[in-house]
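Input: a single structure, listed below in C-alpha cells.
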Amino acid sequence: MQLSRKAYANYLNNKIYGHAQAIRKANRKIYKLLTEKPDLIPDDLKSDMIALLNHYDIWFAQFKELKKKNKPQPEDEFIFQQLDSQSAFPKMAEEKVFGMYEKMKSLTKKEIAG
C-alpha cells in the first residue's frame with residue numbers, strides 16, 4: 001500500500017499514463033493479496049478491506065476502458081474521473097490499515113527486544 005500511495009503522489013504531480021500504470025501495478029498486488037489471503041485480514045479490518053476492493057474493482061474497470069479508448073503512450077495525459085460518491089478512494093479505510101500495520105510493527109519490535 002505504501003508503493004500505491006507513492007505512485008499516486010507521483011501521478012498527482014504529473015497525470016500521465018506512466019504514473020497511472022505504476023498505480024495499477026501496485027494496486028494489483030494489493031488486490032491479489034487481499035483476495036488470495038483473506039485469512040490474513042483481522043476481523044476489525046474486513047469492512048475496510050471490502051471498501052478497498054470495491055474501489056479497486058471500479059478503478060481497474062475505468063483504467064481498462066481509458067486505456068482501450070485512448071491507447072496512451074507512457075508520457076500521455078491520463079485522467080481519471082470519480083464516477084460517483086461510492087467509487088471514491090476509501091481514505092479512512094487506508095488509514096485504518098496503515099494504523100494496524102504500525103501497531104503490528106511496534107509489537108513485533110517489542111517482542112524481538114523483549
Side-chain angles (χ1 to χ4, degrees):
M1 290 183 79
Q2 291 170 336
L3 178 59
S4 180
R5 189 182 262 186
K6 175 61 176 161
Y8 184 65
N10 290 342
Y11 172 79
L12 288 178
N13 287 324
N14 190 12
K15 294 181 179 180
I16 59 172
Y17 181 61
H19 292 308
Q21 284 180 299
I23 297 169
R24 183 181 178 278
K25 184 177 179 181
N27 287 350
R28 280 279 179 213
K29 289 179 181 184
I30 296 165
Y31 193 91
K32 183 177 180 180
L33 178 66
L34 295 178
T35 56
E36 291 182 359
K37 305 280 187 184
D39 52 312
L40 296 177
I41 302 167
D43 288 340
D44 56 338
L45 288 180
K46 290 202 189 272
S47 64
D48 298 299
M49 294 303 179
I50 290 168
L52 284 166
L53 288 171
N54 180 66
H55 171 76
Y56 293 144
D57 282 335
I58 293 166
W59 191 89
F60 291 142
Q62 186 180 29
F63 183 96
K64 183 178 178 180
E65 187 60 32
L66 284 171
K67 181 180 173 186
K68 180 180 171 183
K69 178 182 170 187
N70 299 334
K71 298 178 179 32
Q73 296 299 309
E75 67 281 358
D76 290 344
E77 183 178 69
F78 199 78
I79 306 292
F80 293 100
Q81 302 295 324
Q82 181 176 320
L83 303 177
D84 62 16
S85 63
Q86 295 177 353
S87 64
F89 183 74
K91 186 76 172 150
M92 293 301 294
E94 180 192 50
E95 288 176 13
K96 285 175 71 176
V97 171
F98 275 113
M100 177 63 77
Y101 171 74
E102 290 300 322
K103 182 179 176 182
M104 291 171 63
K105 201 165 72 169
S106 69
L107 288 174
T108 302
K109 286 180 182 178
K110 287 179 186 177
E111 289 173 1
I112 291 170

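Predicted model, so just to flag it, every value in this text is computed and none were measured. By convention here, the first residue in the shown sequence is residue 1.
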Residue pair Phe80 / Ala20: nearest heavy atoms and the distance that separates them
CE1-CB, 3.9 Å

Would you kindly confirm whether Ile79 and Leu12 end up in one hydrophobic cluster when ILVMFWY residues are joined by side chain heavy atoms under 4.5 Å apart?
yes

Is there a side-chain contact between Lys64 and Lys68 in this structure, where contact means two heavy atoms from C-beta onward sitting under 4.5 Å apart?
no

Apart from Leu33 itself, members of its ILVMFWY cluster (side-chain separation under 4.5 Å) are Leu40

Minimum heavy-atom distance Leu3-Ala26, with the two atoms named
CG-CB, 3.9 Å

Mind listing the side-chain donor-acceptor pairs of residues 51-62 below 3.5 Å, one per line with the distance, residues two or more places apart or on another chain?
unit_1, atom_1, unit_2, atom_2, d
His55, ND1, Ser87, O, 2.8
Asp57, OD1, Tyr31, OH, 2.7
Gln62, NE2, Gln81, O, 3.0

Taking side chain to side chain contact (heavy atoms under 4.5 Å, CB included) as the test, write out the residues that go with Gln73, two or more places apart.
Glu75, Asp76

Those residues at least two apart in sequence (or on a different chain) that pass salt bridge (charged side-chain N to carboxylate O under 4.0 Å, His left out) with Glu102 are Lys105

Taken in chain and number order and not counting sequence neighbours, the residues that satisfy side chain to side chain contact (heavy atoms under 4.5 Å, CB included) with Asn13 are none

Going by salt bridge (charged side-chain N to carboxylate O under 4.0 Å, His left out), name the residues that satisfy it together with Lys71, two or more places apart in sequence or in a different chain.
none

List the residues meeting side chain to side chain contact (heavy atoms under 4.5 Å, CB included) with Ala22, not counting sequence neighbours, and say none if there are none.
Ala7

Does the side chain of Lys37 reach to within under 4.5 Å of the side chain of Asp39, using non-hydrogen atoms?
yes

Under the side chain to side chain contact (heavy atoms under 4.5 Å, CB included) test, residues paired with Tyr17 that sit two or more places apart:
Gln21, Phe63, Lys67, Pro72, Phe78

Kindly list each side-chain donor-acceptor pair under 3.5 angstrom involving residues 41-49, sequence neighbours excluded, with atom names and distances?
unit_1, atom_1, unit_2, atom_2, d
Lys46, NZ, Pro38, O, 3.4
Lys46, NZ, Ile41, O, 3.4
Asp48, OD2, Lys96, NZ, 3.0

Can you list every salt bridge (Lys or Arg N to Asp or Glu O under 4.0 Å) pair that touches residues 18-35, not counting sequence neighbours?
none

Could you measure the distance from the CG atom of Asn10 to the CD1 atom of Ile23? Nearest 0.5 Å is fine.
8.5 Å

Could you list all the salt bridge (Lys or Arg N to Asp or Glu O under 4.0 Å) pairs where at least one residue sits in residues 4-13, not counting sequence neighbours?
Arg5-Glu94

Crowding at OH, Tyr8 (>12 non-hydrogen neighbours, <6.0 Å):
no

